[in-house]
2 protein chains.
Amino acid sequence: MARSNKTPITDGGRFAYDGLERIIHEKARLGILTSLVAHPNGLLFNELKDLCSLTDGNLSRHLQVLHEAGLVEVWKGLHKNRPQTLCRLTDEGNRRFLEYINVLENVVADALAAARSDKASSPSLTDGLTPA
Amino acid sequence: MARSNKTPITDGGRFAYDGLERIIHEKARLGILTSLVAHPNGLLFNELKDLCSLTDGNLSRHLQVLHEAGLVEVWKGLHKNRPQTLCRLTDEGNRRFLEYINVLENVVADALAAARSDKASSPSLTDGLTPA
DNA sequence: ACCAGGGCTTTACCATGCAAAGCGTCCTGA
DNA sequence: TCAGGACGCTTTGCATGGTAAAGCCCTGGT
């Protein structure tokens, strides 16, 4: 496709945010992963739930998504015959999360650069235009 | 209905990502806003479309969302009797976008801090657990 | 007069997030 | 010992929201 003229910033005419992983780019899951990355030995379902202020169903669903994506391991067991779930980042999860964060840094940098660049934009502005 | 004792909606706001605006926190719109913030005088529909590699319908829809949220102004007019749409950040849009970026910076900082903190192991958490 | 094509909008579909309801187990008290 | 409630999750149902495809209106060429 045509790479249009301005503000490439990242190479190839594409922006940094193109690299943002959908799975991770979600508030709730971002929180889960941030919590997990700080606890390499894992967190129990409820610890995670409290840390992230999520509802049970919510957390359950997101964990499922993260697990299916190979980002977290989920250990299910029984503690005194009651369900007990331990969640932990996989190595790949750790890698991909850090990668995501790295992209995020670039997004921020892009945005700040863009905001500062303050380009006087294309010609012929609001001639005969009316606000929507 | 009022099933008490599930999910304590309380004490949120622990992490930076809580402050991420949904409207902005979306790849496509993030791109649109990043483009717009670099062009204070506005961009034409097609310029934006090319910059962001979006389809027409896509861009149209996202602009609508952003406009309804008060983040962008959309000027519709005719250039040689053909429709011409100019998009520009509102002052508020500018403010909220920068604020969003600021939150993003904190998210990154949190994540990196978490990754570095690397809390030492409390051993044998997986006693009697089986992988999912 | 016709057709191609530009410049958007609308429609239709499908993925996804989220809260409420559900399920099985344990614990307490009567 | 048998309610009834509290945990610890999972499942269900709904509403939102992103996207590609189709549609609409215009104009300029032939």
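All chains are named by letter (A, B, ...) in the order of the sequence lines, taking the proteins before the strands, and each is independently numbered beginning at 1.
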Distance check: side-chain N/O of B/H62 vs OP1/OP2 of D/dG17, anything under 4.0 Å? no
Side chain of A/R82: nearest nucleotide among C/dG17, C/dC8, D/dG8? D/dG8
So which of B/I24, B/V65, B/L63 actually passes side-chain contact (heavy atoms from CB on, under 4.5 Å) with B/R29? B/V65
Euclidean distance, atom CG of residue A/L54 to atom C1' of D/dC9 [Å, nearest integer]: 14 Å
D/dT19 phosphate, OP1 or OP2: any side-chain N/O from B/T55 under 4.0 angstrom? no
For A/Q84 and D/dT10, give me the distance from atom CD to atom P, rounded to whole Å. 12 Å
A/E68 CD to C/dG17 P, straight-line distance once rounded to whole Å: 11 Å
Side-chain ion pair, B/E99 and B/R95, N-O less than 4.0 Å: yes
Looking only at side-chain atoms of B/S60, point me to the closest of D/dC9, D/dT10, C/dT9. C/dT9
Smallest heavy-atom separation, B/L71 atom then B/L89 atom, equals O-CD2, 3.4 Å
I would like to know whether B/L33 and B/V72 meet side-chain contact (heavy atoms from CB on, under 4.5 Å); could you show each step before the answer? CA-CA 9 Å; B/L33 293 176; B/V72 310; 4.2 Å; yes
More 5' along DNA chain C: B/R22 or B/F45, using each one's nearest nucleotide? B/F45
If you check every side-chain atom of A/E26, which of C/dC8, C/dC18, D/dT10 has the closest atom? C/dC18
Below 4.0 angstrom from OP1 or OP2 of C/dG17, is there any side-chain N or O of A/K27? no
I want to verify a distance call: between C/dA19, D/dC9, D/dT19, whose nearest atom is closest to the A/N58 side chain? C/dA19
Can you tell me how far P of D/dT11 sits from CG of A/L63, to the nearest Å? 13 Å
Under-4.0 Å side-chain N/O to phosphate OP1/OP2 contact, B/R61 with C/dC13: no
In whole angstrom, what separates A/H25's NE2 from D/dG17's P? 15 Å
On DNA chain D, more 5' by nearest nucleotide between B/D56 and B/P83 is B/D56
The test is side-chain contact (heavy atoms from CB on, under 4.5 Å); show your working for A/L30 and B/L20 and say whether it passes. CA-CA 11 Å; A/L30 203 39; B/L20 293 172; 4.1 Å; yes
If only side-chain N and O atoms of A/N46 are considered, is one of them under 4.0 Å from the OP1 or OP2 phosphate oxygen of D/dC7? no
So, OP1 or OP2 of D/dG18: does either fall under 4.0 Å of a side-chain N or O from B/R29? yes
So, OP1 or OP2 of C/dT9: does either fall under 4.0 Å of a side-chain N or O from B/K76? yes
If I take atom CG in residue A/L78 and atom P in nucleotide D/dT10, what distance separates them, rounded to the nearest angstrom? 12 Å
Could you tell me how far apart B/L43 (CG) and C/dC8 (C1') are, to the nearest whole angstrom? 16 Å
Using the rule given for side-chain contact (heavy atoms from CB on, under 4.5 Å), can you reason through B/T34 versus B/F97, listing the C-alpha separation, both sets of side-chain angles and the distance that settles it, and then say yes or no? CA-CA 8 Å; B/T34 303; B/F97 179 64; 3.6 Å; yes
Protein-nucleotide distance (B/Q64, atom CD; C/dG7, atom C1'), rounded to Å: 16 Å
